[in-house]
2 protein chains.
Amino acid sequence: MTPQANFSDRGRIVPLTANLADPFQRLGGVLRFAVGEEIYAQEEEADLIYRVVSGAVRATRLLSDGRRQISDFYFPGDLFGLEIGLVHRAAAEALGDVEVLVVKRRALKLLGEDGVQLERMIWQATGEHLERAHDHMLLLGRKSACEKVACFLSDISDRCAAPWAVLPMSRQDIADYLGLTIETVSRMVTQLQQEGLVEFDGCRRFRIAHRARLSERVAA
Amino acid sequence: MTPQANFSDRGRIVPLTANLADPFQRLGGVLRFAVGEEIYAQEEEADLIYRVVSGAVRATRLLSDGRRQISDFYFPGDLFGLEIGLVHRAAAEALGDVEVLVVKRRALKLLGEDGVQLERMIWQATGEHLERAHDHMLLLGRKSACEKVACFLSDISDRCAAPWAVLPMSRQDIADYLGLTIETVSRMVTQLQQEGLVEFDGCRRFRIAHRARLSERVAA
DNA sequence: CGACTGCTTGAGAGTACTCAAGTACTGTGG
DNA sequence: CCACAGTACTTGAGTACTCTCAAGCAGTCG
């Protein structure tokens, strides 16, 4: 299994068996964070590159008056903390207990073939983040509240593979990701449930009840 | 002047004098497009890397029902058309008469030191695009119509350096960039004018009349 | 079991949208 | 150079969607 293949199953559970062909696993240090802990702060010096092993992470950006935008959620296999400048432009926070692998940015040059391989992974990930960012801009700028929530649930469900998915983030996180308020998210979830498109078991566990009809609501 | 320095004056007029230390200028071919012409289409195979020489370009993404989101505008010095996959995820269209330099992606490997230098420029530009995308998500998700328009005018003005700036894009383009309607853009522009924060001479030429007070409206 | 936090629901308000009309540019032909 | 047509922009009135504020309900943890 190449690192690329390993990386590509974004959001799936990555096998925890050691893979010595993967420089991230071989050279990376492990860090653990508890619910709500800050992995790095906005404007903090960007020293490390991160990869989620288990748990989930949110990347948040704040306006001075406290308004918050979550630019992305990272799941097992995802790289994050990639910055072009010297500082992190967004904060990263643990959505639950999180385990991450880290490598030093400055060490990349010293690692020979491993460094080259890691740089290729980082480059690939940066490009994927950019694509996701463009998709997300379209959602934020041009989709209705209902479409936003439908998209979101559909995405999360797709990443999970399993029929039932569990949301690792709060309604507030979802709202800040979709550019809505918590109340609107709640109302849209209720509406999609009443229409029989999704089914919830508690407020975190859900499944897509009618994928075809949900897709019509997603606006692609 | 290094290529990086050349690249970094995003939005300024790039001197047209040949610079043989810049591989883009030395190896790139020139293409010209007229108002509204498509430089490449959404889903078209991504063969080339582009750099704006003169004029301005918009990158647009469409939903199937025609709703449009402009993810960015590119000005002289900006690289665009950088894709991680095989196809362009957004279309690029000329906002006026445009001149661009292009290099073949597949040729990069064959160019030796020049290829390495070009790859570094592309990498740098991809990172900058990602940062801009994150800023833009915050704007789309969390700013009011008035703040969006204030931000936009402030940005354009900053890029121009000159006191008076000319908008190369239509109100519809601005609306699709900010996630608003054309009427709302128009009303906000009028409002900012009435408050004496900006001054317009016709509907395309403007200047910041009161930078400090405009900054308060920008929400950073 | 009770307290706390997080989620949902309701009523009312406000911002941005839609539809429609009017005004200013731009370019072309007389 | 001016008149005209066509396009782009602005303004107005009314509507709709999302937000705000407030209360009630559910899920979680000690």
Side-chain angles (χ1 to χ4, degrees), chain A residues 34-36 58 63 65-70 93 95-97 139-153 166-195 198-206 217 219, chain B residues 34-36 58 63 65-69 95-97 139-153 166-195 198-206 217 219:
Chain A
V35 202
R58 65 172 178 244
L63 290 176
D65 64 0
R67 280 176 284 177
R68 191 175 74 146
Q69 178 68 44
I70 294 182
E93 292 146 353
L95 286 173
D97 290 345
L139 174 142
L140 289 169
R142 288 295 176 223
K143 292 187 184 177
S144 70
C146 187
E147 289 169 336
K148 286 175 175 179
V149 172
C151 276
F152 177 76
L153 294 176
V166 174
L167 296 171
M169 69 292 284
S170 69
R171 291 293 190 268
Q172 186 63 62
D173 289 331
I174 299 173
D176 288 341
Y177 179 66
L178 299 177
L180 298 171
T181 58
I182 185 174
E183 295 95 333
T184 300
V185 171
S186 194
R187 276 184 252 273
M188 295 304 128
V189 167
T190 303
Q191 187 185 322
L192 291 172
Q193 265 179 285
Q194 283 169 350
E195 293 180 34
V198 299
E199 183 182 343
F200 271 77
D201 163 30
C203 59
R204 296 282 184 116
R205 212 170 95 88
F206 77 100
R217 293 307 205 71
Chain B
V35 203
R58 66 171 178 245
L63 290 176
D65 63 2
R67 277 176 286 179
R68 190 174 76 145
Q69 178 67 44
L95 286 173
D97 290 345
L139 175 142
L140 290 169
R142 287 294 176 227
K143 291 188 183 177
S144 69
C146 187
E147 289 169 337
K148 286 176 175 179
V149 172
C151 276
F152 176 76
L153 294 177
V166 173
L167 297 171
M169 68 293 282
S170 69
R171 291 291 189 271
Q172 186 63 63
D173 289 331
I174 300 173
D176 288 342
Y177 179 65
L178 300 177
L180 297 171
T181 58
I182 185 173
E183 295 95 334
T184 299
V185 171
S186 193
R187 276 184 252 272
M188 295 303 127
V189 167
T190 303
Q191 187 184 323
L192 291 172
Q193 265 180 285
Q194 284 170 349
E195 293 180 36
V198 299
E199 183 183 342
F200 272 76
D201 163 31
C203 59
R204 295 284 183 114
R205 212 170 96 87
F206 77 102
R217 294 305 204 69

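Lettering of chains follows the sequences in order, A, B, ..., and the numbering in each one begins at 1.
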query: If you pin B:V189 and A:V185 to their nearest nucleotides in DNA chain D, which one's is more 5'?
result: B:V189

Would you mind reading off the distance between [X] atom [atom1] and [N] atom [atom2], rounded to a whole angstrom?
{"X": "B:L192", "N": "D:dT10", "atom1": "CG", "atom2": "P", "value": "12 Å"}
{"X": "A:Q193", "N": "D:dA26", "atom1": "CD", "atom2": "C1'", "value": "13 Å"}
{"X": "A:M169", "N": "C:dG6", "atom1": "CE", "atom2": "C1'", "value": "15 Å"}
{"X": "A:R205", "N": "D:dT28", "atom1": "CZ", "atom2": "P", "value": "12 Å"}
{"X": "B:M188", "N": "D:dG12", "atom1": "CE", "atom2": "P", "value": "13 Å"}
{"X": "B:Q191", "N": "D:dT10", "atom1": "CD", "atom2": "C1'", "value": "14 Å"}
{"X": "A:L180", "N": "C:dT15", "atom1": "CG", "atom2": "C1'", "value": "15 Å"}
{"X": "B:F200", "N": "C:dT23", "atom1": "CZ", "atom2": "C1'", "value": "17 Å"}

task: To the nearest 0.5 angstrom, please state how far the CG atom of A:L180 sits from the CD1 atom of A:I174.
output: 10.5 Å

query: Distance from B:R142 atom CZ to A:D176 atom CG, nearest 0.5 Å?
result: 4.5 Å

field: Polar pair under 3.5 Å, donor/acceptor by atom type, side chain A:R171, base C:dT9
entry: no

task: Kindly indicate whether the side chain of B:E183 and the base of D:dC9 share any N or O donor-acceptor pair separated by less than 3.5 Å?
output: no

Should [X] be listed as having a side-chain N or O under 4.0 Å from OP1 or OP2 of [N]?
{"X": "A:R204", "N": "C:dC7", "answer": "yes"}
{"X": "B:T190", "N": "D:dT11", "answer": "yes"}
{"X": "A:T181", "N": "D:dC19", "answer": "yes"}
{"X": "A:S186", "N": "C:dT9", "answer": "no"}
{"X": "A:R187", "N": "D:dC17", "answer": "no"}

task: Check for a donor-acceptor pair, side chain of A:S186 on one end and backbone N or O of A:I182 on the other, with a separation under 3.5 Å.
output: no

task: Please check if the side chain of B:E199 supplies one atom and the backbone of B:Q193 the other of a donor-acceptor pair under 3.5 Å.
output: no

- line: Contacts of A:I182 and A:R142 projected onto DNA chain C by closest heavy atom; the upstream (5') one is A:I182

field: Pair B:L167-B:F200, side chain to side chain contact (heavy atoms under 4.5 Å, CB included): steps then yes or no
entry: CA-CA 11 Å; B:L167 297 171; B:F200 272 76; 4.2 Å; yes

